[in-house]
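Here's the structure we're looking at; comments come further down.
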Amino acid sequence: MKTIDDLQVAGQRVFVRADLNVPLDGTTITDDGRIRAVAPTIAKLVERGAKVIVASHLGRPKGAPDPAFSLAPAAARLGEILGQDVAFATDTVGESARSVVAGLADGQVAVLENLRFNAGETSKDDAERGAFADQLAALADLYVGDGFGAVHRKHASVYDLPKRLPHAAGDLIATEVGVLKKLTEDVKRPYVVALGGAKVSDKLAVIDQLIEKADRILVGGGMAYTFLKAKGHEVGISLLQEDQVPACLEYLARAEKRGVEFVLPVDVLVSAEFPDLKTKAPAHPGTVAADAIPADQEGLDIGPKTRELYAAKLADAGTVFWNGPMGVFEHPDYAGGTKAVAQGLLDSDAFTVVGGGDSAAAVRLLGFDENAFGHISTGGGASLEYLEGKTLPGLAALED
């Protein structure tokens, strides 16, 4: 896979497929981590005299313009980070995009509007995707893929466009792939995996692979309750995927057979109602044993004994991969479990990888120093699919 150091970019129009898919509260960015992650690649291209065209998706618009999903706030924030003006095109391949790109001088940057405002970006029809990719290709001379959070998508700007232009991987993607290879090819043991998040179905494929590679798997978040149900415990009104209970039973049995520690919560914080995440009003949770959740209560975080247990299981790790919060971390009364796991990573001497998505957001929200972790991924779904052994379309296109 070529990197941007292999490209001659001076005076060239360089299309950078970034991941500026940041959370917004209206037009206010609440977490700019993904913008900061790709900024060094853009800055390097600027320094080398490229005309830089940055493109990304944001959210899930329905293939047509929607002001709620405009990339204008991300473009403004990118300009602040780079310390220079960033032009903004109000469309993707139309008159505004063509005009803005034509007006770029060497070392200048423009951001196109949300790629998903064009139905061709996400189309499952190869011809429709290809037609949109042709329009994007007309704007540029070179392609740099640096949107790791999107490389598992077979989308026009991720998969089809690099086939139409000389291409290379940006520094962010090169770093992400290097880190993930450490988790699959060169693992320092004990290898501990901490998995959380809402749905166990989202993690089954990666659990299937990790049972073959990890020494310990720690489970929290909403997905833990399906595993607790599989062990015959009452889970009350907790998040439950009843149809996944057989799969959970199978994985528990496989882990035991292979000698992999599969660690579930021993206690949980419960409440009869979900907390208010906007006002952060006090929730007054109770703590119960994981096998004694009342029928009218919902588990919303791992309890204090589980936090101590998980910290101990992380303490001697050589490598840790963490994907998914341990509870409803957005509310202070249910953030303790996620905070304990994050601290457990920091207290270990392990090579630590935070697998993007909500885990990365939690690290920032809870006030941890991002640089204290070995690596914080910008792509939760992409990281998981890589660890599952899947071929990621965006990476495959860059390797051609």
Side-chain angles (χ1 to χ4, degrees), residues 192-200 202-203 207 216-229 231 233 235-240 248 261-277 280-294 297-315 317 320-348 350 352-370 372-373 376 380:
V192 183
V193 176
L195 296 175
K199 295 181 178 180
V200 70
D202 293 342
K203 305 286 167 68
I207 291 172
R216 290 179 206 132
I217 299 175
L218 318 179
V219 176
M223 63 181 288
Y225 302 102
T226 303
F227 278 101
L228 291 170
K229 183 72 171 180
K231 296 197 74 170
H233 300 324
V235 297
I237 57 172
S238 304
L239 189 62
L240 173 66
C248 290
E261 284 188 78
F262 206 104
V263 190
L264 298 175
V266 295
D267 62 345
V268 296
L269 299 191
V270 296
S271 176
E273 57 185 30
F274 199 82
D276 189 323
L277 300 183
K280 307 287 197 299
H284 307 297
T287 303
V288 299
D291 60 357
I293 299 174
Q297 302 276 302
E298 178 178 11
L300 295 166
D301 193 14
I302 58 174
K305 291 181 180 176
T306 305
R307 296 171 197 175
E308 291 181 13
L309 173 65
Y310 286 11
K313 296 295 184 183
L314 292 165
V320 181
F321 174 69
W322 170 35
N323 181 279
M326 296 292 110
V328 187
F329 71 92
E330 300 92 339
H331 192 285
D333 289 340
Y334 300 102
T338 301
K339 190 177 290 186
V341 167
Q343 189 61 53
L345 266 68
L346 295 183
D347 291 342
S348 74
T352 56
V353 179
V354 181
D358 284 343
S359 312
V363 163
R364 291 187 277 268
L365 180 69
L366 299 176
F368 288 95
D369 178 5
E370 295 177 65
F373 298 88
I376 296 181

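Owing to the predicted nature of the structure, the values given are computational and were not obtained by experimental measurement.
- Contact detail for L300 and S271: the closest heavy-atom pair is CD1-CB, 3.9 Å.
- Listed by chain and residue number, F329 satisfy the side-chain contact (heavy atoms from CB on, under 4.5 Å) test with L365 (two or more places apart in sequence, or in another chain).
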Throw together a table of side-chain donor-acceptor distances under 3.5 angstrom for residues 331-342, partners on residues two or more places apart or in other chains.
unit_1: H331; atom_1: ND1; unit_2: D333; atom_2: N; d: 3.0
unit_1: H331; atom_1: NE2; unit_2: A281; atom_2: O; d: 2.7
unit_1: D333; atom_1: OD2; unit_2: A283; atom_2: N; d: 2.7
unit_1: T338; atom_1: OG1; unit_2: M326; atom_2: N; d: 2.9

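- Residues V270 and P285 have side chains not in contact (no heavy-atom distance under 4.5 Å, counting atoms from C-beta outward).
- Residue pairs that meet the side-chain hydrogen bond (donor to acceptor under 3.5 Å, both in side chains) test with at least one member in residues 280-293, sequence neighbours left out, do not exist here.
- Considering only heavy atoms from C-beta on, V263 comes within 4.5 Å of L309 through its side chain.
- Looking at every heavy atom in both residues, A350 comes nearest to A317 through CB-O, 3.3 Å.
- Considering all non-hydrogen atoms of both residues, S238 and Y225 come closest at CB-CG, 3.6 Å.
- For the pair M223 and K199, the minimum side-chain heavy-atom distance is 4.5 Å or more.
- Evaluation of the side-chain hydrogen bond (donor to acceptor under 3.5 Å, both in side chains) rule for E370 yields R36, R364 as partners, not counting sequence neighbours.
- No side-chain heavy atom of L218 sits less than 4.5 Å from a side-chain heavy atom of L195.
- Smallest separation of non-hydrogen atoms from L264 and K231: CD1-CD, 3.5 Å.
- Rounded to the nearest 0.5 angstrom, L269 CG and I302 CD1 are separated by 8.5 Å.
- Remark: Q343 engages L346, D347, F368 in a side-chain contact (heavy atoms from CB on, under 4.5 Å) (not counting sequence neighbours).
- Between R216 and K313, the shortest heavy-atom distance links the atoms NH1-O, 2.6 Å.
- To the nearest 0.5 Å, the span separating CD1 on I217 from NZ on K203 amounts to 12.0 Å.
- With a 4.5 Å cut-off on side-chain heavy atoms, L314 and W322 do not count as touching.
- Among all heavy-atom pairs drawn from L345 and S348, the shortest one is O-OG, 2.8 Å.
- Note that CZ of F262 is 7.5 Å distant from SG of C248, once rounded to the nearest 0.5 Å.
- One distance of note links CG of N323 with OG of S359; it measures 4.5 Å at 0.5 Å rounding.
- Among residue pairs with one or both ends in residues 297-310, those qualifying as side-chain hydrogen bond (donor to acceptor under 3.5 Å, both in side chains) are D267-T306, D301-R307; sequence neighbours excluded.
- In this structure, the side chains of V193 and V320 stay at 4.5 Å or more apart for every pair of heavy atoms.
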